[in-house]
Amino acid sequence: MADDSSRKRKVRGRKIRSDRKPKEGRRAKKELARTASSVGERNGDSPLADPEAIAPDPFVETDAVTSLRDRITGWLDADQPVHLIGPTGCGKTALALSAAARRGRPVVWLNGDEAVDTAALVGAHAGGERYEEHDRFVSGVDKKTQIVRERWVDNPLSVAVREGATLVYNEFSRSDPAAHNVLLSVFEEGVLERPGKRGEDRSIDVHPEFRAIFTSNDVEYAGVHEQQDALLDRFVGVHVEYYDDETEREIVRTHVDLSEDDVETIVDATRSLREDLDIVVGTRAAITAAKGVSVFDGENGTDDDELLTDVFTDVLSPKIAGEGDGIDDLRSKISETI
Ligand SMILES: Nc1ncnc2c1ncn2[C@@H]1O[C@H](COP(=O)(O)OP(=O)(O)OP(=O)(O)O)[C@@H](O)[C@H]1O
C-alpha cells in the first residue's frame, strides 16, 4: 500500500478505516440531520440542519472535485440557483452537500418525488388549536370563551427562504412541475407566496442569503417530468460526469479498507464496464463492489476474475431484475470485460 504522505490529494475526514465505528458515528450524525429534516417536515419542527452535520464525510477533494465545487459556490455567490445534472451515482449529492456546507448557512434538505406538491414545499394548515379565555371581571362570575385558532405549519421551502438557508433539492425533476410554480416568484421577485395561508403574512420576503442547489439525474431530467422553461431559465446548469480514474480510486479508498492494487483493479473494471454495458455503472457501484471484495476476498483477492465477476454481477443485477435471461447475459458480459 502506498504511503499516505505520498498522496498529493486532500481528503477531508479519515481515509482508510480498519475500525468502522467512528465512520458510522459520523454517518449516523449525517443520517440524523437528514431525518431531522424530514421529521421536521412532518411535525412542524425546524427542517434546518447544521452545515457541519450535513457535510459529506469522508469527502475527497481532488482537483476535479474542487473545481466543480468552486463552480457551484461561485454561482451561488452570484445569487444564481444551480442545477446539477448528471448520471446516477456520479457524486451530485455529495457535491451539492459539500457546496452547501461550505456556505456556513443552515441547510434545508428536500427530496423530490411524485407526492411533493405546493403544500409540501411551502406549508399547510395543521388543524385547529383550541384554548380558553377566562373573564372574571364580575366578582364570582367566571365567563369562559373557547377560541379555536388555525395552526399553520411551514414546510422546508418557507423555512429556507425566511432563514436564509441553502436549499438542497435532490432529484427535483421527480416532483410534479406544478408544485414548482411558487419558485418562480422566489427567484424573480424575491417573494414566496404561501397559497392556502390567509392574512397579511401570506407571502414571505426571501432572505438575502437564501440560495438553492437542485440535482437531477440526466435521464430522468430529460424524460419523467418536464419542468417549466420559465423556471429552468432562471437556473444555471452544471453538468457533472463521472470523475477521472484517480478521483474514483481516491473515493473508493476512503470508503473501503482495501489495498491500493485491489482498489485500482476494481476502479479499472468499473470504468470498462461503464463503457461496455448498456446500464449505468456509477462510482457508487465501484464502492459497493469494493465492499463486496473486502468481504468475500478469496485467496487471490481481485486477481480472482471469478470473484470479481460474481461481485459485479450482484452489484449490477438490480438494474436488470426481471428481464428474462438478463442475468446470464449480464454475467457473461461482465466476465468478458473483466
Ligand atoms: N467527493 C467525494 N468524496 C467521497 N465520496 C464521494 C464523493 N463523491 C461521491 N462520493 C460517493 O460516491 C457515491 C455516489 O455519490 P452520490 O450519492 O453523491 O451520487 P449521485 O450522483 O447523487 O447519485 P444519485 O443520482 O443516485 O442520487 C456515494 O457513496 C458518495 O458517498
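Basis for what follows: all heavy atoms, side chains included, without hydrogens, waters or symmetry-related copies. Numbers for residues simply follow the sequence, beginning at 1. In listed order, ligands and their atoms are each counted from 1.
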Original post:
Which is it for P58 and ligand 1 at heavy atoms under 4.0 Å: side chain, backbone, both or neither?
Top reply: backbone
**OP:** Using modelled atom types only, decide if a donor and an acceptor are shared between the side chain of K92 and the backbone of V240 within a distance under 3.5 Å.
**Re:** no
Original post:
So which bit of E171 gets within less than 4.0 Å of ligand 1, heavy atoms only: side chain, backbone, both or neither?
Top reply: side chain
Subject >> Any N/O pair L95/ligand 1 closer than 3.5 Å >> reply: no
**OP:** Could you tell me whether the side chains of T166 and R105 share a donor-acceptor contact shorter than 3.5 Å?
**Re:** no
Distance-only donor-acceptor hits, side chain of residues 115-125, under 3.5 Å, sequence neighbours excluded:
{"from": "D117", "atom 1": "OD1", "to": "A119", "atom 2": "N", "distance (Å)": "3.3"}
{"from": "D117", "atom 1": "OD1", "to": "A120", "atom 2": "N", "distance (Å)": "2.9"}
{"from": "H125", "atom 1": "NE2", "to": "G196", "atom 2": "O", "distance (Å)": "2.9"}

**OP:** Quick one: look at T215 and ligand 1, take heavy-atom pairs under 4.0 Å, and tell me if it's side chain, backbone, both or neither.
**Re:** neither
**OP:** Take every heavy atom of C90, measure it against each atom of ligand 1, and state whether any distance is under 4.0 Å.
**Re:** yes
**OP:** Considering only NZ, NE, NH1 and NH2 on the basic side and carboxylate oxygens on the acidic side, decide whether R234 and E188 come within less than 4.0 Å.
**Re:** yes
Original post:
Can you check whether T283 has an N/O within less than 3.5 Å of an N/O in ligand 1?
Top reply: no
Original post:
Would you say ligand 1 has an N or O under 3.5 Å from any N or O of N170?
Top reply: no
Subject >> Which of the ligand 1 atoms, numbered from 1, are nearer than 4.0 Å to a heavy atom of I287 >> reply: 11 (C), 12 (O), 13 (C), 29 (O)
Original post:
With a 4.0 Å heavy-atom cut-off (strictly under), which part of P56 contacts ligand 1: side chain, backbone, both or neither?
Top reply: neither
Subject >> Donor-acceptor contact below 3.5 Å, side chain S98 vs main chain A94 >> reply: no
**OP:** Give the minimum heavy-atom separation between A289 and I266, together with the two atoms involved.
**Re:** CB-CG2, 4.1 Å
Subject >> Numbering as shown, the atoms of ligand 1 that approach F59 to under 4.0 Å (heavy-atom distance) >> reply: 1 (N), 2 (C), 3 (N), 4 (C)
Original post:
What do you reckon, does V60 have a nitrogen or oxygen under 3.5 Å from a nitrogen or oxygen of ligand 1?
Top reply: yes
**OP:** Please confirm whether E61 comes under 4.0 Å of ligand 1, counting heavy atoms of the residue only.
**Re:** no
Original post:
Would you say R211's side chain and A165's backbone share a donor-acceptor pair under 3.5 angstrom?
Top reply: no
**OP:** Assess R274 against Y242: is NZ or CZ under 6.0 Å from the centre of the six-membered ring, and within 45 degrees of the ring's axis?
**Re:** yes
Original post:
Would you say the side chains of Y169 and H180 form a donor-acceptor pair under 3.5 Å?
Top reply: yes
Original post:
Relative to the heavy atoms of P87, which atoms of ligand 1 are at a distance of less than 4.0 Å?
Top reply: 21 (O)
Subject >> Pick from A64, G91, A286: the one approaching atom 15 (O) of ligand 1 most closely through a non-hydrogen atom >> reply: G91
Original post:
Do R284 and ligand 1 have an N or O pair less than 3.5 Å apart?
Top reply: yes
Original post:
What closest approach, in Å, do S332 and D329 show between heavy atoms, and which atom pair accounts for it?
Top reply: OG-O, 3.1 Å
Subject >> Within-cut-off N or O pair, K92 and ligand 1, under 3.5 Å >> reply: yes
Original post:
Should one rank I251, T288, V240 by closest heavy-atom distance to atom 6 (C) of ligand 1, which comes out on top?
Top reply: I251
Original post:
Any salt bridge between E336 and K333, counting N to O under 4.0 Å?
Top reply: no
